[in-house]
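Heads up: the structure comes next, in structure tokens.
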Amino acid sequence: MAATLLLHNFNSPRIVSLNHFEPPKTNPFAVTRPRFSKPNQLQITHSKASNILAEPTHFTLIDALCSFIDSGSIENALYLFEEMNHSDTFTWNIIIKGLAHKGLFKEAVSYFRRMEFEGARPDKFTYPFVLKACSGLLSLKEGEKVHAKLIKVGLDLDVYVCNSLISMYMKVGCVELGENVFKEMPVRDLVSWNSIISGYQFIGDGLSSLVCLREMVLIGIRPDKFSFISGLGACSIEGCQRNGKEIHCQVIKNGFEMDFMVETSLIDMYGKCGNAVYAERVFDMIVNKNTVAWNAMVAGYVSNACFSESFSCVKKMQEVGKLRPDGITMINLLPACAQMGALLMGKSIHASAIRKGFLPHIVLETALVDFYGRCGTLKLAKHVFMRISEKNLASWNAMIAAYVQNGQYSEALDMFQDIWYKSVKPDAITFASILPAYAELTSLSEGRQIHAVITKLGLTSSNTIISNTIIYLYAKCGDLQTARRCFDGMFCKDVVSWNTIIMAYAIHGFGRISIQLFHEMIEHGIKPNKSSFVSLLSSCSISGMVDEGWEYFNSMKRDYGIDPGIEHFGCMLDLIGRTGNLDLAKRFIEEMPLVPTARIWGSLLAASRKANDIELAEVAAKHALSLEHDNTGCYILLSNMYAEAGRWEDVEKIKTLMIQEGLAKTMGCSTVETDYKIHRFVDQDRSNAQMNMVNDVMGIISKMTADKEDAYAHRITKLKRTDLTRKRPNLPENHSVRWAISFGLISTELGSPVLVRKNIRICEDCHNVAKKISKITKREIIVGDSKVFHHFQDGNCFCGDYW
DNA sequence: AAATTATGAA
């Protein structure tokens, strides 16, 4: 007993010499060895086992061990193994193979260690099994240890061993190490090529995979079904149907079209490349369709937006195919439900997953989080997410995206901060999901920080989605120059990149540049899409380019075949509202072929406010309020109009309504950044530490503007005398944006613009004040509110006083 | 005596 105890300790990798011997608290083999009790079936069910019991020679035992492994009864095999003499390499190989094949990777590696320790010599047959286990564990550490040992014993040139090494390195994500093994091996066979081809495909580098496949064929190696399966997977990644069809031809030519895995890969490839018809054609040819094939077809329909087909396919799967949908079927259907906005359908899938016992299932749960997030049911997304016991990166990503999609930016940012303390490392998808939250909420310096992190990870140049969001981030943080620099530095700009930069100039009021960029985009051969026109028309409306706006609106359908959507009508309504032509605005809504949304009525409301038409404002507000959404802005706007008109009873009424609906006025908040600090000012709240300094600056400014007509005084004369005695809440004097500008003036460098970010729209009084300040101080002031950036220069604002 | 590469998934 003492001897075995010592042996176990000795095997522990932490103990180097007996001098440091320490009795372990747990037996290192407790997990793998003694747990297996004698299985009942051993004597009765297996004839070979009964043979052993009659006359157990070593060879019959090995024979029995092999049959246990082959039939998958690993428990029997392990029990037998512990009972027999296992000093020879072969016996160990069998048991390690069995463990690795069963997916018991941890155990396989641990048996390998024990094998070495107990003095059996691993040979060229052992290592492929061990390496398979290492790749299954996704453990580079274990894999490298094995590799080191291989070199030591001189087995690192064996083709089988090298092939396993390539596959292991690729699977754990060490592409370069895998490539090195491939390059340096003396002889490469078909499996070596297949391993590197499937390795590239596994890590998502479809292009390299296809290049290797081509090279292999060029040097005269005939591809087999493994090559084709990986190659088709690579085409799916790249969305490259041309290459996919080429491989399909080769598949037929080489007689692999009846292989069910090849067929499934073909369905997948056509589905992902946007050709549902071809996918269907391949699918129909399969005689005995298995669940995987059905699922691939369902996925094909979903990714091609054939939602009803995807559901009827699942129905047929059950009725014709006599197969039950599994978790993956559900994972495939959920995005369809999300895109159709079919909340109930998704919920019933969720319920069915629970009933059928598919949960917990990390991928399915992640798909549910994603689904609920996209349907706007953030509560349910959170509910599912909280119940995931071992969250992985994808599930974190899904939850962050759900927060961002539902406008819960600060929750998303909190969760993103938390991730850094978990064992998972954020990836490109994490950053792509979180960046919009940065764009909405954070300061320029925080934006720069996250950009630096992303650049350091090497994601900026390789990932177009991330680069596009970075452009948006800088634009939203007020740094248009850097946004432009990022855009100019992009290697492959897609239509989103162009749309983003056009929108960036739009929100900063540089309409001419937006238009110029739109034409540059077309010259570069990029076809504008719906969003391009949203950017362009927004720009025309923000910059007050009425004629141009109409021209582009008309050319959408005429020259580009794009039907104007509700967003485009919204932009046009803003444009009309700007001209003050309320009749036209009303007519425009009436003649619109689409049902007006809350955004449309909100636009009319804004126009009515500018034209001071309180009746129309009421009509617009009534419509907007009937279409449930966050009505805070709507109420505040109307309330302000009533206040100006002196209709205090109506102001009170709105106040009551808001309380009833549980809405609270969003507190105005403005931030200004100095070198290392973000200074936050809140409306009415004079508790900021810098308030004394701000008061001094405000005093100087009001003295300098005293001889001129004061904006607020001017406004107040419009009110009736009696109303002046009323205490008007939230006086513009107490608006945070003025304080932030004043503080910015003295705490930032002369000559540089003062950059202020504000969470809600700037009011007219503050807008006037900012214009004046820019004139008397000769400094550029940039105020980014929730919609646009106001560039105040020499007493004017780019927005032309309409926003 | 025995080995390596593999289809559907967020």
Side-chain angles (χ1 to χ4, degrees), chain A residues 59 62-63 65-66 69-70 88-94 96-98 100-101 123-132 135 155 158-168 170-171 185 189-199 201-202 223-233 236 256 259-269 271-272 279 283 286 289-300 302-303 325-335 338 361-371 373-374 388 391-399 401-402 429 433:
Chain A
F59 286 106
I62 284 184
D63 215 8
L65 192 64
C66 287
I69 294 290
D70 291 342
D88 65 321
T89 304
F90 183 70
T91 319
W92 282 102
N93 287 357
I94 296 291
I96 294 172
K97 166 189 158 185
H101 279 236
D123 61 5
K124 59 178 182 175
F125 295 105
T126 321
Y127 286 102
F129 300 133
V130 181
L131 287 167
K132 190 192 169 80
S135 37
L155 281 172
D158 182 83
V159 190
Y160 284 88
V161 171
C162 284
N163 293 346
S164 307
L165 272 174
I166 295 169
S167 165
M168 183 275 294
M170 298 302 264
K171 283 219 173 117
M185 60 197 291
D189 66 359
L190 174 60
V191 179
S192 321
W193 283 95
N194 284 348
S195 300
I196 199 107
I197 292 167
S198 86
Q201 186 249 345
F202 185 85
D224 66 353
K225 61 174 180 171
F226 292 99
S227 329
F228 289 133
I229 290 166
S230 304
L232 288 168
S236 301
F256 288 115
D259 181 280
F260 70 97
M261 279 194 191
V262 174
E263 287 169 320
T264 311
S265 300
L266 279 167
I267 298 169
D268 177 60
M269 181 276 292
K272 292 219 171 85
F283 180 72
I286 307 180
K289 303 171 177 73
N290 65 6
T291 314
V292 182
W294 282 98
N295 283 344
M297 194 60 238
V298 172
V302 175
S303 55
D326 63 1
I328 295 181
T329 320
M330 295 179 174
I331 292 162
N332 285 328
L333 285 178
L334 284 167
H361 180 307
I362 181 99
V363 182
L364 181 51
E365 286 161 313
T366 306
L368 282 165
V369 171
D370 180 73
F371 160 76
R374 282 180 206 274
I388 303 177
K391 301 172 178 70
N392 63 15
L393 182 59
S395 45
W396 285 102
N397 287 350
M399 194 62 227
I429 297 174
S433 308

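Convention: sequence-line order gives letters A, B, ...; per-chain numbering from 1.
Comparing dA9(B), dA2(B), dT4(B) against the side chain of Phe125(A) picks out dA2(B) as the nearest. Nearest to the side-chain atoms of Phe90(A) among the listed nucleotides dA9(B), dA2(B), dA3(B) stands dA2(B). Closest contact between the side chain of Met261(A) and the listed nucleotides dT7(B), dA2(B), dA9(B) involves dT7(B). Side-chain atoms of His101(A) lie closest to dT4(B) of the nucleotides dT7(B), dT4(B), dT5(B). The side chain of Phe226(A) approaches dT5(B) more closely than any other nucleotide in the set dT7(B), dT4(B), dT5(B). Of the listed nucleotides (dA1(B), dA9(B), dT4(B)), dA1(B) has the atom at the smallest distance from the side chain of Ile62(A). Closest to the side chain of Ile229(A), from the set dA9(B), dG8(B), dA6(B), is dA6(B). Here the side chain of Ser198(A) is nearest to one of dT7(B), dT5(B), dA9(B), namely dT5(B).
Among the heavy atoms of the strands lying under 4.0 Å from Asn332(A) are primed sugar atoms or P, OP1, OP2 only; no base atom is included. Residue Thr291(A) is classed as a base contact, given a heavy-atom separation below 4.0 Å to a base. Here Asn397(A) lies out of heavy-atom contact (under 4.0 Å) with every strand. Using a 4.0 Å heavy-atom cutoff across all strands shown, Asn290(A) reaches no nucleic acid atom at all. Among the atoms of the strands shown, base atoms are found under 4.0 Å from some heavy atom of Lys124(A). As judged by a 4.0 angstrom heavy-atom cut-off over every strand, Asn93(A) is placed among the base-contacting residues. Residue Asp123(A) is classed as a base contact, given a heavy-atom separation below 4.0 Å to a base.
OP1 or OP2 of dA9(B) sits under 4.0 Å from a side-chain N or O of Lys272(A).
Every residue meeting the side chain to side chain contact (heavy atoms under 4.5 Å, CB included) condition with Thr264(A), not counting sequence neighbours, appears here in chain and number order: Val292(A), Ala293(A), Ala296(A).
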